[in-house]
*Asks:* 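Quick one: the structure is below, and I'll ask about it shortly.
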There are 2 protein chains.
Amino acid sequence: MLTASQPRVRLQAVEPRRLYRQIADQIRTLIGKGAVAPGARLPAERDLARQLGVSRPSLREALIALEVEGLLEVRVGSGIYVSRADGRGRAAEIAGASGPFEVIRARWMIEGECAALAAKNGTAAQLRAIRKAHTDLQKEAKRHHNPLDADRAFHVAIAQATGNSALELVVQTLWDQRVGPLYRALEMKLEYPAMARETTDEHEAVLSAILARDPGSARTAMRRHMDMTKKRYSKDWKEAGK
Amino acid sequence: MLTASQPRVRLQAVEPRRLYRQIADQIRTLIGKGAVAPGARLPAERDLARQLGVSRPSLREALIALEVEGLLEVRVGSGIYVSRADGRGRAAEIAGASGPFEVIRARWMIEGECAALAAKNGTAAQLRAIRKAHTDLQKEAKRHHNPLDADRAFHVAIAQATGNSALELVVQTLWDQRVGPLYRALEMKLEYPAMARETTDEHEAVLSAILARDPGSARTAMRRHMDMTKKRYSKDWKEAGK
DNA sequence: CAAAAATAATCGGTCTGACCACTTGACCAA
DNA sequence: TTGGTCAAGTGGTCAGACCGATTATTTTTG
C-alpha cells in the first residue's frame with residue numbers, strides 16, 4: 001500500500017465504467033433532454049443494441065437499471081416505454097394555486113384528526129415537545145417577534161405526535177403553502193401582535209386536550225382554531241378588497 | 001414439452017413475474033435476514049446461478065437491480081459484496097421518507113374524506129372525470145399494462161372533485177411518496193395484473209357511491225379500498241425490511 | 001358486412017456456451 | 001525485501017438460439 005508517503009500528484013483513479021452504466025447514462029440523458037417523450041416507445045431491444053453497438057445482454061442490463069430507477073417500463077411482448085410520470089415536481093405545479101381558504105379548510109380536516117391521534121397515541125416525549133413549542137410561541141409573541149415559525153413548530157409537533165411521518169409531511173406541506181403569492185398578499189395585511197393573544201389561547205385549548213388524552217376535545221379545539229384562523233383571514237380579505 | 005394440449009384452467013398462480021425480480025427478492029431477503037453480513041462476499045456468479053437454478057445472465061440482471069438499489073457492490077475481478085453503508089444510508093433515507101404503511105394510513109384518513117366531499121360537492125364535469133379515470137384504469141388493466149399512472153389519476157380526480165386544490169395537492173404529495181426506496185423495494189415484489197381486478201372492483205364501489213351522491217358510502221368505500229391496499233402490501237411484507 | 005377466430009409478425013424473456021479483462025495471491029528471482 | 005511472472009478465479013461481454021406473450025392482420029363465421 002502507499003499509505004506511507006503521499007504521492008505528489010493527485011491522479012484520478014481510472015474508472016473503467018461498466019458498459020451497462022454507460023448505456024444507461026446515454027438513455028437517461030436522452031429521456032432527460034426530452035428527446036423521447038414520456039409514454040413513448042423505445043426501439044426494440046435488438047435494434048437499440050445494434051444502434052448503440054452493444055450486445056443485447058448488455059443493453060438489457062442497462063434497461064433493467066433504468067427500470068429499477070423508475071424511468072422505464074418494460075411490457076413483455078410489447079416494448080419498452082418511458083415512464084409517464086417519474087413523479088418529480090408535479091406537486092409543485094399546483095403549489096401556487098392553493099388559496100389560503102382552501103388550505104385552511106384542508107387543515108381543518110387533517111389537523112383536527114392529527115390532534116385527536118396525538119391525544120390518543122402521542123408518547124410522553126412527543127407531548128412534551130408540543131408543550132415546549134407552545135411556550136416558545138408564547139415567548140416569541142411577548143417579544144413581538146414574528147411568531148410564524150413558532151406557530152409552525154407547534155402544529156408540526158402535533159403531527160409528529162401522531163407517530164405517522166406521512167401526516168407530518170402533509171401538515172408541513174400545507175403549512176408551507178403560504179409561500180404562495182395569494183398568501184403573501186394577505187399576510188401583508190395581518191397584524192400579528194394583535195392576533196397573537198387569540199392564537200395562543202386557541203393553542204392552549206388544543207394543548208390541554210391533548211395533554212388530557214382527550215381525542216374528541218383535541219379535535220374540536222383544533223377545528224375551532226382553524227375556524228378562528230379563517231375568520232381572522234376573512235376580515236382582512238374583505239378589507240383588502242379582493 | 002407440454003405445448004400439445006393446454007388445460008382449460010387459467011392458472012395465474014405460477015409467477016409470471018420476471019425472473020430477475022424473483023432472484024433479486026430472494027437475495028434481498030437473505031441480506032435483510034442477515035444471512036450474509038454487510039461487507040461479506042457472495043458466491044461467484046456462476047456458483048450463485050447454479051445454486052438458484054437460473055442462468056448467469058438472469059442472475060446478473062438481478063445483481064444489477066440490487067446494485068442500483070445500493071444493496072450490493074460489484075468489484076470487477078474480485079467478487080460481489082454486500083454494501084457496508086447499507087445500514088446507515090438506508091436508515092437515513094427512510095428517516096426522510098414516509099413508509100408505505102404510514103402513507104396508506106394517512107390516505108385512509110384523508111382520501112376517505114375526499115371521497116365524501118366529492119360526493120357532496122363535485123360538479124357534474126368533475127364526476128365525469130372520475131368516471132373516465134376509472135374506465136381508463138380498467139382499460140389499462142385489461143391490457144396488462146402497469147396501472148399505476150391510471151390509478152393515480154383516479155385518486156387525484158376524486159381529490160379534484162372536492163373543489164379544494166389544497167386537498168388535491170395533499171393527495172398528490174402522498175401518492176408521490178412511493179418514489180422512496182422502501183416503496184420501490186416493496187413494489188418490486190408486487191404483481192400488478194393479479195391485483196388489478198381487486199383494485200378496479202374497489203374503485204368501482206367508490207365511484208358508484210360518489211355518482212350516487214352518497215358521501216357516507218363514498219367514505220366507507222374509499223376506506224375499505226385503503227384497508228385492502230394495506231392488506232395487499234402486508235402480504236409481501238414478510239421480509240426483514242427493517 | 002361485421003364480429004369472431006385463426007394466423008403471422010414482433011417483441012421481450014431466458015438460456016447456453018464461449019472468450020476477454022481484471023484481480024488476487026502464490027511463487028520465483030534479483 | 002523488492003519486483004516480476006504466472007495461473008486461477010471472477011466479473012464483463014458477446015453471439016446466437018428458442019420460448020412465450022403481445023399485437024396487428026387475415027381469414028372465417030354469423
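Please read all numbers here as calculations on a predicted model, not as lab measurements. Below, chains carry the letters A, B, ... as their sequence lines are ordered, and counting in each starts from 1.
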*Asks:* Within less than 4.0 Å of OP1 or OP2 of dT10(D), is there a side-chain N or O belonging to Ser78(B)?
*Replies:* no
*Asks:* Quick one: which of dG11(D), dG13(C), dT23(C) gets closest to the side chain of Val74(B)?
*Replies:* dG11(D)
*Asks:* Let's see if you can work this out: which of dT13(D), dA15(D), dT14(C) has an atom nearest to the side-chain heavy atoms of Pro57(A)?
*Replies:* dA15(D)
*Asks:* 5'-most contact on DNA chain D: Ile23(A) or Gly77(A), nearest heavy atom basis?
*Replies:* Ile23(A)
*Asks:* Atom CZ of Arg18(B) to atom C1' of dG20(D): distance rounded to whole Å?
*Replies:* 14 Å
*Asks:* So does Arg60(A) pair up with Glu45(A), basic N to acidic O under 4.0 Å?
*Replies:* yes
*Asks:* Quick one: which of dT10(D), dG13(C), dT13(D) gets closest to the side chain of Arg60(B)?
*Replies:* dT13(D)
*Asks:* Over how many whole Å does the gap from Glu45(A) atom CD to dA21(D) atom P extend?
*Replies:* 17 Å
*Asks:* Give the nucleotide from the list dG12(C), dT10(D), dG11(D) with an atom nearest to the side chain of Arg41(B).
*Replies:* dT10(D)
*Asks:* I need the CG-C1' distance between Asp47(B) and dT10(D), as an integer number of Å.
*Replies:* 10 Å
*Asks:* What integer distance in Å separates Gln22(A):CD from dC14(D):P?
*Replies:* 10 Å
*Asks:* If we count only N and O atoms by modelled type, under 3.5 Å, do the side chains of Tyr20(B) and Glu67(A) hold a donor and an acceptor together?
*Replies:* yes
*Asks:* Give Arg21(A) one of three labels, base, sugar-phosphate or nothing, depending on what nucleic acid heavy atoms sit under 4.0 Å from its own.
*Replies:* nothing
*Asks:* I want to verify a distance call: between dC22(C), dC14(D), dG13(C), whose nearest atom is closest to the Leu19(A) side chain?
*Replies:* dC14(D)
*Asks:* Would you kindly give the CD1-to-C1' distance between Ile80(A) and dG12(C), to the nearest whole Å?
*Replies:* 7 Å
*Asks:* Rounded to the nearest 0.5 Å, how far apart are CG of Leu117(A) and OG1 of Thr162(A)?
*Replies:* 6.0 Å
*Asks:* Between Val76(A) and Ser58(A), just flag the one whose closest nucleotide in DNA chain D comes earlier from the 5' side.
*Replies:* Ser58(A)
*Asks:* Return the value, rounded to whole Å, for the distance between atom OH of Tyr20(A) and atom C1' of dG11(D).
*Replies:* 12 Å
*Asks:* Rounded to whole angstrom units, what separation is found between the CD atom of Glu73(A) and the P atom of dC11(C)?
*Replies:* 18 Å
*Asks:* Examine distances only and state if a side-chain atom of Gln126(A) and a backbone atom of Gln160(A) form a donor-acceptor pair shorter than 3.5 Å.
*Replies:* yes
*Asks:* On DNA chain C, compare the nucleotides closest to Val54(B) and Arg46(B); which residue's is nearer the 5' end?
*Replies:* Val54(B)
*Asks:* Ignoring hydrogens and angles, answer whether the base of dG13(C) and the side-chain atoms of Arg56(A) contain a donor-acceptor pair closer than 3.5 Å.
*Replies:* yes
*Asks:* Ignoring hydrogens and geometry beyond distance, is a side-chain donor-acceptor pair present between Gln172(A) and Glu168(A) at under 3.5 Å?
*Replies:* yes
*Asks:* Which one, dC14(D), dG12(D), dT16(C), comes nearest to the side chain of Ser55(B)?
*Replies:* dT16(C)
*Asks:* Expressed as a whole number of angstroms, how long is the span from Leu59(B):CG to dT14(C):P?
*Replies:* 12 Å
